[in-house]
Amino acid sequence: MTVVSSNSAPALVTEIAQAAAILEAGGLVAFPTETVYGLGADAENPDAVAAIYAAKGRPSDHPVIVHLAPEADIGYWASDIAPQARQLIAAFWPGPLTLILRRAPGIPAAVSGGQDTVGLRCPSHPVAQALLRAFKGGRGGIAAPSANKFGHVSPTTAAHVREEFGLAEAAHAPAAIAVLDGGQSEVGIESTIVDLSRMASVGPVLLRPGQISAARIAEVIGLMPAAIDARAPRASGTLDAHYAPHTPVALLAGAALASTLQDLHAAGRSVALAHLQALPAISPCVRSAIAMPSAVDAYAHDLYAALRQLDGAGADLIVFETPPADSHWQGVNDRLRRAAHDSQGVLSRLSARVSP
Ligand code: TXA
Ligand code: MG
């Protein structure tokens with residue numbers, strides 16, 4: 001298998017056909033979606049799905065999302081489909097929304113990590129759609145988690161995918177993973193996940209916030225999705241520590257920024273900073289700084305690339321200025337909280353002066 005990169009439209013058509021053939025033969029293809037890049041395999045081939053887990057270093061009891069073409073028959077993949085699922089599909093597909101439904105009896109348990117549900121999503125990215133239409137004549141499903149190592153930052157460009165799997169220097173050598181390049185992902189954070197598999201008992205549950213907010217879902221189905229509960233189907237994107245770069249990350253309120261940076265400087269630490277407000281003076285401990293956009297969609301679009309760039313600065317600590325707390329920011333704040341899962345511990349450890 002070769003690493004494929006797309007330069008022109010006719011070349012892309014060929015690459016998509018090749019990628020579909022790789023998937024049909026049980027291989028892995030990384031492909032762009034509007035949220036993040038996915039690492040795909042034939043959802044109905046348990047060995048191919050197992051190869052995703054192996055490449056990611058992910059526990060095999062974690063379910064993966066099945067991506068479908070816009071024309072796909074949902075009834076083939078899921079059973080007991082609640083009317084609310086049809087409403088959400090009509091409103092938001094293709095787009096960044098994943099629905100958890102009861103898995104149809106013929107669908108292998110491997111895609112669900114053995115659970116009796118299945119996660120379905122129809123992406124809007126044109127390259128993802130072309131791939132889904134080419135694969136098994138549009139009747140297949142592509143199982144795809146984000147194309148990153150387990151727990152690490154999701155990729156929003158083809159270059160990030162190559163970085164994650166060490167494919168950067170493989171342009172001339174055969175590689176285990178084909179990569180389709182569809183430019184930078186527009187949305188930038190993973191899809192919103194709504195569990196509709198327990199409508200009769202608990203109603204809709206928001207498993208992972210994303211660009212499509214709980215409020216917009218409530219407008220469509222007339223019910224506000226509940227916050228995640230202990231009995232919800234497992235979702236690795238909901239682990240406390242996730243979306244994390246190698247450098248420790250801390251979240252800091254704007255008001256505390258200047259004084260904490262001073263403490264870190266006094267303790268001899270270096271910082272890579274993502275700030276929102278204009279800073280009057282940047283502390284000498286700041287090795288690299290990114291001014292993040294103040295609009296939420298633009299912020300989400302830039303978030304993972306910023307995390308990767310700051311991770312590459314070689315600082316002791318990455319500091320993110322905490323974004324606004326209002327509900328539009330729920331998806332962004334969720335990812336930041338998980339990237340900075342030990343924020344307080346990291347800050348107190350690093351800002352303590354080394355005793356003489
Ligand atoms: O935007 C996205 O959703 C991206 C792109 C590639 O589509 N995919 C993505 O996949 O984020 P992944 O595997 O990194 O996260 C999918 C989440 C996981 O937390 C997984 O556990 C959950 O969806 N999930 C998938 N199927 C599920 C199921 N049957 N029940 C509960 N959670 C499920
Ligand atoms: Mg992921």
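These values consider heavy atoms only, across backbone and side chains, with no hydrogens, waters or symmetry-generated copies. Numbers here simply count residues along the sequence, with the first being 1. Whatever order the structure lists them in is the order used to number ligands and atoms, beginning at 1.
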Check: Backbone or side chain, does any N or O of Lys56 fall under 3.5 Å from an N or O of ligand 1?
Finding: no

Check: If you measure from each non-hydrogen atom of Ile193 to ligand 1, which part falls under 4.0 Å: side chain, backbone, both or neither?
Finding: side chain

Notebook entry, point to check: Do any N or O atoms from the side chain of Arg58 and from the backbone of Ile52 form a donor-acceptor pair under 3.5 angstrom?
Noted result: no

Notebook entry, point to check: Is a side-chain donor or acceptor of Arg337 paired with a backbone partner of Val332 at a separation under 3.5 angstrom?
Noted result: no

Checklist line | Tyr243 six-ring face occupied by Arg335 cation (under 6.0 Å, within 45°) | finding: yes

Note to self: Strictly distance-based, threshold 3.5 Å: is any side-chain N or O of Asn333 a donor or acceptor partner for the main-chain N or O of Ser327?
What the structure shows: no

Item checked: Contact check: Thr33 vs ligand 1, nitrogen or oxygen atoms, below 3.5 angstrom -> no

Note to self: I need the atoms of ligand 1 closer than 4.0 Å to a non-hydrogen atom of Gly119, numbered in the order shown.
What the structure shows: 26 (N), 29 (N)

Next item on the list: Kindly assign one of parallel, tilted or perpendicular to the pair His62 and Phe150, based on the angle between their ring planes and the thresholds 30° and 60°.
Entry: perpendicular

Note to self: Is there a side-chain contact between Leu206 and Gln330 in this structure, where contact means two heavy atoms from C-beta onward sitting under 4.5 Å apart?
What the structure shows: yes

Check: Would you say Ser146 has an N, O or S atom lying under 2.8 Å from the Mg ion (ligand 2)?
Finding: yes

Check: Which is it for Arg121 and ligand 1 at heavy atoms under 4.0 Å: side chain, backbone, both or neither?
Finding: side chain

Item checked: Atoms in ligand 1 with a heavy atom of Gly38 nearer than 4.0 Å -> 6 (C)

Checklist line | Mode of Thr117 contact toward ligand 1 - side chain, backbone, both, neither (heavy atoms, under 4.0 Å) | finding: both

Item checked: N/O donor-acceptor pair under 3.5 Å between Thr35 side chain and Glu190 backbone -> no

Notebook entry, point to check: Looking only at non-hydrogen atoms, which of Ile100, Leu120, Val64 approaches atom 28 (C) of ligand 1 most closely?
Noted result: Ile100

Next item on the list: Kindly confirm or rule out an N or O of Arg58 lying under 3.5 angstrom from an N or O of ligand 1.
Entry: yes

Next item on the list: May I ask whether Arg103 places a heavy atom under 4.0 Å from ligand 1?
Entry: no

Next item on the list: Specify side chain, backbone, both or neither for Val118, according to which of its non-hydrogen atoms lie closer than 4.0 Å to ligand 1.
Entry: backbone

Next item on the list: Any atoms of ligand 1 less than 4.0 Å from a non-hydrogen atom of His67? List them with their elements.
Entry: 5 (C), 6 (C), 7 (O)

Note to self: Using a 4.0 Å cut-off to any heavy atom of Thr35, which atoms of ligand 1 qualify?
What the structure shows: 1 (O), 2 (C), 4 (C), 5 (C)

Next item on the list: Enumerate the atoms of ligand 1 whose separation from the nearest heavy atom of Ser191 is less than 4.0 angstrom.
Entry: 1 (O), 2 (C), 3 (O)

Item checked: Ion pair Arg308/Glu164, N-O distance below 4.0 Å -> yes

Next item on the list: With heavy atoms of Glu190 as the reference, note each atom of ligand 1 found under 4.0 Å away.
Entry: 1 (O), 2 (C), 11 (O)

Next item on the list: Would you check if the side chain of Arg103 reaches a backbone N or O of Gln115 as a donor-acceptor pair within less than 3.5 Å?
Entry: yes

Notebook entry, point to check: Can you tell which part of His125 has a heavy atom less than 4.0 Å from ligand 1: side chain, backbone, both or neither?
Noted result: neither

Next item on the list: Please tell me if the side chains of Val271 and Leu350 come closer than 4.5 Å, counting only heavy atoms from C-beta onward.
Entry: no

Notebook entry, point to check: Heavy-atom distance under 4.5 Å between the side chains of Thr192 and Phe92, does that happen here?
Noted result: no

Notebook entry, point to check: Do any nitrogen or oxygen atoms of Arg208 lie less than 3.5 angstrom from nitrogen or oxygen atoms of ligand 1?
Noted result: yes

